[in-house]
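A quick note: this is a predicted structure, and the numbers were derived from the prediction, not measured. We name chains A, B, ... by the order of the sequence lines, and we start the count at 1 in each one.
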Number of protein chains: 2
Amino acid sequence: MNIPERTIERLSIYYRHLYYLAQQGTFNISSRSLASIVGEKPETIRKDLSYFGSFGKTGSGYVVNDLKREIAKILGLEQGRRVAIVGMGNLGLALVGYKGFEMLGFKIAAVFDNSLNKIGKKYRGRLCHNIADFSRIARQEGIEMVILTVPTEAAQEITKLVTGSGIKALLNFAPVHLNVPKDVRVTNVDLATALKSLSFFVSRR
Amino acid sequence: MNIPERTIERLSIYYRHLYYLAQQGTFNISSRSLASIVGEKPETIRKDLSYFGSFGKTGSGYVVNDLKREIAKILGLEQGRRVAIVGMGNLGLALVGYKGFEMLGFKIAAVFDNSLNKIGKKYRGRLCHNIADFSRIARQEGIEMVILTVPTEAAQEITKLVTGSGIKALLNFAPVHLNVPKDVRVTNVDLATALKSLSFFVSRR
DNA sequence: GCATAATAGTGAAAACATTCACAAATGAAT
DNA sequence: ATTCATTTGTGAATGTTTTCACTATTATGC
Ligand SMILES: NC(=O)c1ccc[n+]([C@@H]2O[C@H](COP(=O)([O-])OP(=O)(O)OC[C@H]3O[C@@H](n4cnc5c(N)ncnc54)[C@H](O)[C@@H]3O)[C@@H](O)[C@H]2O)c1
Ligand SMILES: NC(=O)c1ccc[n+]([C@@H]2O[C@H](COP(=O)([O-])OP(=O)(O)OC[C@H]3O[C@@H](n4cnc5c(N)ncnc54)[C@H](O)[C@@H]3O)[C@@H](O)[C@H]2O)c1
């Protein structure tokens, strides 16, 4: 079966809110209530879940903790994936301390740069490595995913380096289309584009 | 006619690359070449453009500068939209200096916080205002869009404040679904979600 | 000027995603 | 026990987006 791209994105969002709900001690939740929290329709949630199994109970909905665990399993969050950030500039610096990542099962296990001003320094307790050592350290640290926050000009070159070291998943902030082997997945975060889409909306009003 | 959401996002991406191409002095480009630069299919580009008119020339493609101008017109980028950032923390600080925004026709015209440590200080040459003065200053500065980088707990409250002051477009980084009047548009940038989607892909391999 | 190649634009088809609507299960109240 | 309300899970219907496949037009080389 083919699972819609958007379903995966939504599952992530459900997961986060289930996390909060569990913290608050909520035990049960219906697709209806969850929908109103996450801003979706109840049937969307049920359909999304139905691709992976059936986790609810007719009449009473879902057990928050169970559903949370199931989604973690689906998204592969159980084992605490290890992530590297490459590029300790403005953005890399903001991201390295972001609690939202760790909270949800990601571990920023290493950070890299190519500037002598940054290599050897500590950022939020993490030693900044020389990008030249990526391959060795990534293996050593068990890095599976890379967050790319280098200047646009360097992005393709670094992509080649990290995919060459066996990385199969990249979260890219540089506003450029990265060419990668086809077993590598890239997600682009394009803030200027997000703003421009909003701008379109503003002009339409 | 209904224009696909994704079309608008892609137009933004085309725009950026046309900007680079123009800078490099490229005069003409075919949908095929542009497609390979932006990572889409040629027919996707042609179809996207066809919603708004016909801008190319059979046999030779598009004139880079003309197409760039047309897309700017479509997205409402011509007049240089004025944007405020609310929340001068880690992320707000990274964004305030981001050249990518100004380059593409956005002006960060004001920044806000509620902390006495930040109000009155300058960030990249911009005076940080008290969020309590938002309404007045937004009017004064002609703010049309807001980038929201406040802690999650404050996001809904600030949303109420800024939409109450007439803002109709929000770029939200807090991992929460914002309730807004229905003539207000919110785009959520959810980095943890982006990572989780990647994680799903990694587990599937 | 003619043949050939390149390319835009676009209906129609196919693929994909959301929403509807209802059966079946469960829970709550009496 | 029976009734009524709630809620899931899911086929089917509907809606949306992408891709195909073709026509018409322009450019190029001879
Ligand atoms: N700052 C923002 O708000 C923002 C927003 C959206 C997108 N971006 C994009 O994110 C990327 C980074 O932005 P930034 O503002 O943090 O830039 P920056 O210049 O502050 O940081 C870039 C960092 O990458 C390092 N670097 C350069 N070449 C490298 C290489 N070959 N290997 C390893 N490290 C290298 C630099 O030393 C620097 O520390 C850019 O592509 C930018 O367009 C930035
Ligand atoms: N740091 C990251 O890398 C990152 C990544 C993704 C998402 N986010 C999200 O972005 C938001 C901001 O993150 P951050 O790391 O920059 O947080 P931060 O704590 O560094 O900054 C928040 C800023 O908002 C200000 N603030 C608090 N309440 C306010 C109010 N009522 N009005 C105006 N200003 C107020 C604070 O004074 C502070 O300067 C959070 O919701 C976070 O979850 C952050």
Parallel under 30°, tilted from 30 to 60°, perpendicular over 60°: which one fits the rings of B/Tyr15 and B/Tyr19? tilted

Axis deviation across the helix from C/dG1-D/dC30 to C/dT30-D/dA1, five-pair ends, to the nearest 10°: 20°

Fit a plane to each ring of A/Phe101 and A/Phe106, take the angle between them on a 0 to 90° scale, and name the class: parallel (under 30°), tilted (30 to 60°) or perpendicular (over 60°). perpendicular

Atom OH of A/Tyr51 to atom P of C/dA17: distance rounded to whole Å? 7 Å

Heavy atoms of B/Ala84 and B/Phe134 approach each other most closely as CB-CE1, 4.4 Å

Can you measure B/Leu34 atom CG to C/dA6 atom P for me and round it to whole angstrom units? 19 Å

Side chains of residues 169-178 of chain A: which donor-acceptor pairs under 3.5 Å do they make with residues two or more places apart or in other chains?
from	atom 1	to	atom 2	distance (Å)
A/Asn172	OD1	A/Ala174	N	2.9
A/Asn172	ND2	A/Ala174	O	3.0
A/Asn172	ND2	A/Val176	O	3.4
A/Asn172	ND2	A/Asn188	OD1	2.8

In whole Å, I'd like the distance from the CG atom of A/Leu49 to the C1' atom of D/dG9. 10 Å

Phosphate contact (D/dG9 OP1 or OP2) by A/Tyr62 side-chain N/O below 4.0 Å: yes

Expressed in angstrom and rounded to an integer, what is the separation of A/Asp48 atom CG from D/dT8 atom C1'? 14 Å

Please tabulate, one pair per line, all N/O donor-acceptor pairs under 3.5 Å involving side-chain atoms of residues 21-41 of chain B, not counting sequence neighbours.
from	atom 1	to	atom 2	distance (Å)
B/Ser30	OG	B/Arg32	N	3.4
B/Ser30	OG	B/Ser33	N	3.1
B/Ser30	OG	B/Ser33	OG	2.9
B/Ser31	OG	B/Arg46	NH1	3.1
B/Ser36	OG	B/Ser33	O	3.2

Rounded to whole Å, CD of A/Glu40 lies from P of C/dT19 at a distance of 8 Å

Test salt bridge (Lys or Arg N to Asp or Glu O under 4.0 Å) applied to B/Glu157 and B/Lys160, step by step: CA-CA 5 Å; B/Glu157 174 201 335; B/Lys160 201 166 167 220; over 6 Å; no

Please give, in whole Å, the distance from C/dT18 P to B/Glu5 CD? 12 Å

Would you mind reading off the distance between B/Glu70 atom CD and C/dA8 atom P, rounded to a whole angstrom? 16 Å

Of all the choices, D/dT17, D/dT10, C/dT18, which nucleotide is nearest to the side chain of B/Pro4 once you look at every atom? D/dT17

Can you measure B/Ile45 atom CD1 to C/dG9 atom C1' for me and round it to whole angstrom units? 14 Å

Ignoring backbone atoms, test whether A/Thr44 places a side-chain nitrogen or oxygen under 4.0 Å from the OP1 or OP2 oxygen of C/dT19. yes

What residue pairs, at least two apart or across chains, pass side-chain hydrogen bond (donor to acceptor under 3.5 Å, both in side chains) with a residue in residues 96-112 of chain A? A/Glu102-A/Arg126

Tell me whether the OP1 or OP2 atom of D/dT7 has a side-chain N or O from A/Ser31 closer than 4.0 Å. no

Considering residues at least two apart in sequence or located in another chain, which fulfil the side chain to side chain donor-acceptor pair (under 3.5 Å) criterion with B/Arg124? A/Asn90

In 5'-to-3' order, the base (B), backbone-only (S) or no-contact (-) status of each nucleotide in nucleotides 20-30 of chain D, using a 4.0 angstrom heavy-atom cut-off, is SB--BBBS---

Under 3.5 Å, is there a donor-acceptor pair between the side chain of A/Lys118 and the main chain of A/Asp113? no

